[in-house]
Amino acid sequence: MPEVIDPAAIEEYGKKLSIEDLLLDSENPRLYAQRRSGDLDGLQAQIYDDLMKKSHVPVLKRNILENGTRETIYVQYQDRYEKYVVVEGNTRTAIHMTIVDDGTESDFDFTTIVANLIEPSVSEAELSRMRVIWQLSKQDWGVYEKAALMYEQHYQHGFPIADIARDFNETKAYVNTNLAALAYYEEYTTT
C-alpha cells in the first residue's frame with residue numbers, strides 16, 4: 001500500500017516555472033483511454049493534442065486569457081528528463097503553451113506558470129493517487145449538476161442567460177431548457 005503523503009513532501013508552494021521546463025504527463029487519469037507509453041519527451045505532441053480536444057478547453061482558455069491562471073499546478077522534477085513533469089494541471093499548461101505559440105495578446109505572462117513542487121522521492125504509486133484525487137472533481141459534469149448551477153446563477157445571482165451560455169459553452173436555448181426542466185423538477189419535488 002502506498003504511503004500517505006505528508007504535506008512536507010511538497011517542497012515549495014507557488015514557484016514560477018518556465019513552460020519550456022515542463023512536460024505534459026502521459027499518466028493523466030482523464031486521458032486514460034489515450035494513455036501513451038514510451039519516452040515522455042517524444043509523446044508531448046500527442047498528449048498536447050489529446051488535451052486540447054477536450055470539450056471544456058475553449059471556455060477554460062477564454063477564462064485564463066481574461067483572468068490569468070489562478071490555480072497552481074503540481075509538478076515533480078525528474079532527472080531522466082531534466083524537466084518538471086506536470087502531475088496536476090496539464091490542460092492549463094497546454095493552454096499556456098497554445099497562447100504563447102499563437103502569440104495571443106494578453107495582460108498576463110503565459111511564458112511562466114505557478115507550480116507547487118512535489119519532492120522527487122514521492123513514489124509513482126503515490127503520484128497515481130494524487131492524480132486521481134486532484135482530478136476527480138474536474139471530470140465532466142452530469143446534466144443535473146450543470147442545470148442546478150445554471151439555475152442558481154440565473155435566479156439567485158441574477159446572471160443573464162447569455163453570460164451563463166457563454167460560461168458553459170452552450171447555447172441560450174440549452175440554458176433555457178435546463179432552467180425550465182429544473183423549475184419543473186423543483187415544483188415536482190415540493191409538491
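Heavy atoms only: backbone and side chains are in, while hydrogens, waters and symmetry mates are out. For the single chain, residues carry numbers from 1 onward in sequence order.
- When atom types are taken as modelled, the side chain of N90 and the backbone of D25 share a donor-acceptor pair closer than 3.5 angstrom.
- For the pair D163 (side chain) and F159 (backbone), a donor-acceptor distance under 3.5 Å is absent.
- Crowding of D107 atom CG: a count of heavy atoms from other residues, nucleotides or ligands under 6.0 Å not exceeding 12.
- The shortest side-chain heavy-atom distance between M52 and D49 does not fall under the 4.5 Å cut-off.
- Across all their heavy atoms, K54 and D50 have their closest contact at CG-O, 3.8 Å.
- The distance from atom OG1 of T112 to atom CG of D109, rounded to the nearest 0.5 Å, is 4.0 Å.
- Side-chain contact check for D79 versus Y77: some heavy-atom pair is nearer than 4.5 Å.
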Review point. Can I113 and T93 be said to form a side-chain contact (heavy atoms from CB on, under 4.5 Å), step by step?
Key: CA-CA 8 Å; I113 193 166; T93 303; 4.0 Å; yes
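- Taking CG of L182 as the start and OG1 of T189 as the end, the distance is 8.5 Å to the nearest 0.5 Å.
- In terms of hydrophobic clustering, with Ile, Leu, Val, Met, Phe, Trp and Tyr side chains grouped at heavy-atom distances under 4.5 Å, V59 and I164 are assigned to different clusters.
- The minimum heavy-atom distance between L65 and E105, with the atom names listed, is CD2-O, 4.5 Å.
- Although no hydrogens or angles enter the test, the distance criterion places a donor-acceptor pair under 3.5 Å between the side chain of S106 and the main chain of F108.
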Review point. ring-ring contact (aromatic ring centres under 6.0 Å, His included) between H96 and F110: does it pass, once the steps are laid out?
Key: CA-CA 5 Å; H96 271 243; F110 292 104; 4.9 Å; yes
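- With respect to I73, the side-chain contact (heavy atoms from CB on, under 4.5 Å) criterion is satisfied by exactly one of L22, T91, V114: L22.
- One finds the CG atom of L24 at 6.0 Å from the CG atom of L51 (value rounded to the nearest 0.5 Å).
- Within a 6.0 Å radius of CD in E66, more than 12 heavy atoms belonging to other residues, nucleotides or ligands are found.
- Smallest separation of non-hydrogen atoms from P58 and S55: CD-O, 3.4 Å.
- Atom CG of L117 sits about 6.0 Å away from atom NZ of K15, to the nearest 0.5 Å.
- Taking all atoms of both residues into account, the shortest heavy-atom contact from E20 to K83 is O-NZ, 3.2 Å.
- With rounding to the nearest 0.5 Å, the separation of OG1 in T72 from CZ in R92 is 7.5 Å.
- Q76 places a side-chain N or O within 3.5 Å of a backbone atom of E119 that can act as its donor or acceptor partner.
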Practice item. Mind running side-chain contact (heavy atoms from CB on, under 4.5 Å) on L17 and Y84 for me, showing each step along the way? Key: CA-CA 9 Å; L17 297 174; Y84 295 91; 3.8 Å; yes
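- Interatomic distance, CD1 of I95 versus OH of Y48, reported as 9.0 Å (0.5 Å rounding).
- Comment: R80 does not engage D39 in a salt bridge, judged by the lack of any side-chain N to carboxylate O separation of less than 4.0 angstrom.
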**Study point:** Step-by-step side-chain contact (heavy atoms from CB on, under 4.5 Å) determination, Y81 to L40
**Key:** CA-CA 8 Å; Y81 301 117; L40 198 52; 3.3 Å; yes
**Study point:** side-chain contact (heavy atoms from CB on, under 4.5 Å) evaluation trace for V175 with K172
**Key:** CA-CA 5 Å; V175 173; K172 290 189 283 185; 5.6 Å; no
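- In this structure, E187 and T191 approach most closely via the heavy-atom pair O-OG1, 2.8 Å.
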